[in-house]
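Data block below; observations after.
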Amino acid sequence: MKAVYNISMLKLVKVVLDIPIYEPFDYTCDEINAKIGSRVSVSFGRSLRLGVIIDIKDFDDGPKTYKLKKINQLIDEAPILSKEILKTCKWAASYYHHPIGQVVFSALSPLHRKDKKVPKKILEIVYKSLEKDLKLNSEQKKIYTDLIKYKEVFRINVIRGVTGSGKTELYAKLAQNSLKDNAQILVMVPEINLIPQTIERFRRYLDIEPLQYHSNLTATQKYKVWEACSRERRIIVIGTRSSVFLPFKKLSLIVIDEEHDSSYKQTEMFKYNARDIGILRGRNFKCQVILGSATPSFETIHNINVNKYKEYRLEKRYHKAKLPLITVIDSSIDRPDEGISNALKNSMKIELDRNRKVILFLGRRGFSNTVICSNCKKIVRCPKCDTYLTYHKDVEKLICHKCDFKKDFGQTKKCCDNPILSPLGIGTQRVENKVKKLFPNKNVLRVDSDNITSKKDLDDFVYKANNNQIDIFIGTQMIVKGHDFQDISLVGIINIDGGLYSTDFRGLEKTAQLITQVSGRTGRQSEQGNVLIQTHNPSHNILKLILKDGYERFSKIGLEQRQNVNLPPYSNIGLVTLNSSNQNFTKSILNKIKEMKRNKSIFIYGPSQSKIPKRNNRYSYQVLIGSNSSKLLSEHISKIKIYLASLNKKIKWHIDIDPLEL
Ligand code: ADP
Ligand code: ZN
């Protein structure tokens, strides 16, 4: 295939493929219609592969002849990715140190990723009449009036509103206003299970049906939304983090609700944060970006403090309900039985007897998190990963949540002469069993990732919740986020200790957000709700601070502590993780990285064991690299990348910029 071409008719095209290679590939092309953003088929190795042109150059300033392969076929006569989305992808690839091809392919619809020819399936945009008049209260109106003055300006606005203050109605009003101009709107929520209610709340105030976008759609459904975005149609998309890569043509408003939520960060493969990419796209389109939260992330609070973001506040709850009354239960005195202390049981009874509803919140999934031998006190671990195994009662198995190793509970190897294995700690299933025994006439629903796995489960859950069919919700993170269910008068936090003793530097920030958000699920209509928190440590300083002075006061102190140790938001960090089957080898490479020559404003911590130290018989270690300059950090990580790429393939590595968990 290699040949010497006459330069006059040929162009040099830079093509990216869906493979983990950092640079684009050069091909030649004599198609007049070849454009940046079009797909091509190229020969790569021994096969033909789909690629996307990300750059086209003349041969003018290069050598006169070139030994390059010619592209095999131009697939799209017109570009399918705009300059703007490609610019976003290039930025993200360089910022997150991720292979450009994989980033660009994440901006293609699933159909475009696979098939050459994609049949045109046009999404029908449904026009309808407004179902409700949207009147803002005076607090909301003040913010709205100010915001629309800056409509066509790139500006990052934070709406810090207590839970139940009516942020969603404010977003809907802004959306109404923007849609008048025939433009496109993106509203992001952190969890897929928030999409149905968010759509419902927006649609009544709009004259078109909002579109939804998330991982639970079929390839064709995704393609239709993708196509609508790329055709400059008047639409509003409500989606999860992946919607930030949709090929919008004319965005006029971006809303990122619950901006503090760590689900905006993708933790596998391409480790981007959709909040930050959303902000970048706002800049590209010169449009307004709205970040909403009752508990803004420390990053966002810092950006408000340094005047990068503009802050607006909603201080009152819309339905005038007071914020809940929080009581701490000392688990060492009122010992919980299967997760439920006497105090919690009694409060539940009072609320259920008067037909109110209860949420019980737990941090972990599974029947119980670990299994201990009550004789020798050994905790049962995964033989491959060294992590604690989780007991799942429904299948009577011990399961490793990291590598999916499974073992029958009954056949677990003896640990001592007299093994008495018993599940330790409390999981959702165990609490569910107990609650069903305590309140046999009440409807109990467990909401966790074991129980809610499909779109149908999700729809069922939301339907039941909204139609008075559930009295007691038991669940993990899933039930905490932004839901607006009726008549919840009591929230029980089964055990807060894991969050108080986290080893991660963001642990307390996350715990404070959690307490505030969980509490926000109660008393949203008119009565004051109750929150009971069970802990072995009622006198924990930070817990006391959060409860007494609230999230805002806590965040001031938390930020001071971050500044003292120069961690984000006061510095930029990246995590370089390596794994191989040889523990010492892994560590020695990281030590070499540590010794690499560097600017004195770069700091490095480690090597230390990763959060999951052993997985599938591979040992994982990491170094944390930081700097007060994100440019310097990025340059230094680029150097490390070059070194890593030169190593033997037995060692695997990945880079996480702005990691949320260490
Ligand atoms: P947040 O998102 O700030 O926690 P919500 O947006 O869920 O608060 O609002 C709390 C409740 O108040 C919801 O039931 C919502 O429908 C209602 N609400 C807020 N603003 C308005 C408004 N302007 N008109 C009618 N209902 C409103
Ligand atoms: Zn395992």
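Everything numeric here is computed off the predicted structure, so don't read it as measured data. One-based numbering along the sequence shown. Atoms within each ligand, like the ligands themselves, are counted from 1 in listed order.
Residue Tyr205 places no N or O, backbone or side chain, under 3.5 Å from any N or O of ligand 1. Residue Asn137 places no N or O, backbone or side chain, under 3.5 Å from any N or O of ligand 1. Not one N or O of Gly161 is nearer than 3.5 Å to an N or O of ligand 1, by distance alone. In terms of polar-atom proximity, defined here as any N/O pair under 3.5 Å, Leu134 makes no such contact with ligand 1. The distance criterion of under 3.5 Å between nitrogen or oxygen atoms is not met by Arg204 with respect to ligand 1. Residue Thr163 places no N or O, backbone or side chain, under 3.5 Å from any N or O of ligand 1.
Listed by number with element, the atoms of ligand 1 under 4.0 Å from a non-hydrogen atom of Val162 are 3 (O). Ligand-side atoms of ligand 1 in range of Lys135: 22 (C), 23 (N), 24 (N), range being under 4.0 angstrom from any heavy atom. Every atom of ligand 1 with a heavy atom of His319 under 4.0 Å away is listed here by number and element: 11 (C), 12 (O), 14 (O), 17 (C).
With respect to Arg234 and Asp207, a salt bridge is recorded, a charged nitrogen being found less than 4.0 Å from a carboxylate O. A salt bridge does not link Asp334 with Lys345: every distance from a Lys NZ or Arg NE/NH1/NH2 to an Asp or Glu carboxylate oxygen is 4.0 Å or more.
Cation-pi geometry between Arg155 and Tyr150 is met: under 6.0 angstrom from the ring centre, within 45 degrees of the axis. Under the 6.0 Å distance and 45° angle rule, Lys310 counts as a cation-pi partner of Tyr312.
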> Would Asn137 and Lys316 count as a side chain to side chain donor-acceptor pair (under 3.5 Å) if you check the C-alpha gap in whole Å, the side-chain angles of each, and the deciding distance to 0.1 Å?
Replying inline: CA-CA 10 Å; Asn137 68 17; Lys316 294 193 209 91; over 6 Å; no
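Here CG of Leu291 is found 7.0 Å from CD1 of Ile156. Values are rounded to the nearest 0.5 Å. The CG atom of Leu179 sits 5.0 Å away from the CD1 atom of Ile208 when rounded to the nearest 0.5 Å. Summarising the geometry, atom CZ belonging to Phe298 is positioned 12.0 Å from atom NE2 belonging to His260; distances are rounded to the nearest 0.5 Å.
If you look at Leu170 next to ligand 1, there are no close heavy atoms at all, none under 4.0 Å.
Within the 4.0 Å heavy-atom cutoff, Ser165 counts among the residues contacting ligand 1. In this structure, Arg317 falls outside the shell of residues with a heavy atom less than 4.0 angstrom from ligand 1. For Asp257, the heavy-atom gap to ligand 1 stays at 4.0 angstrom or more.
Ring geometry for Tyr223 versus Trp226: interplanar angle under 30°, hence parallel rather than tilted (30 to 60°).
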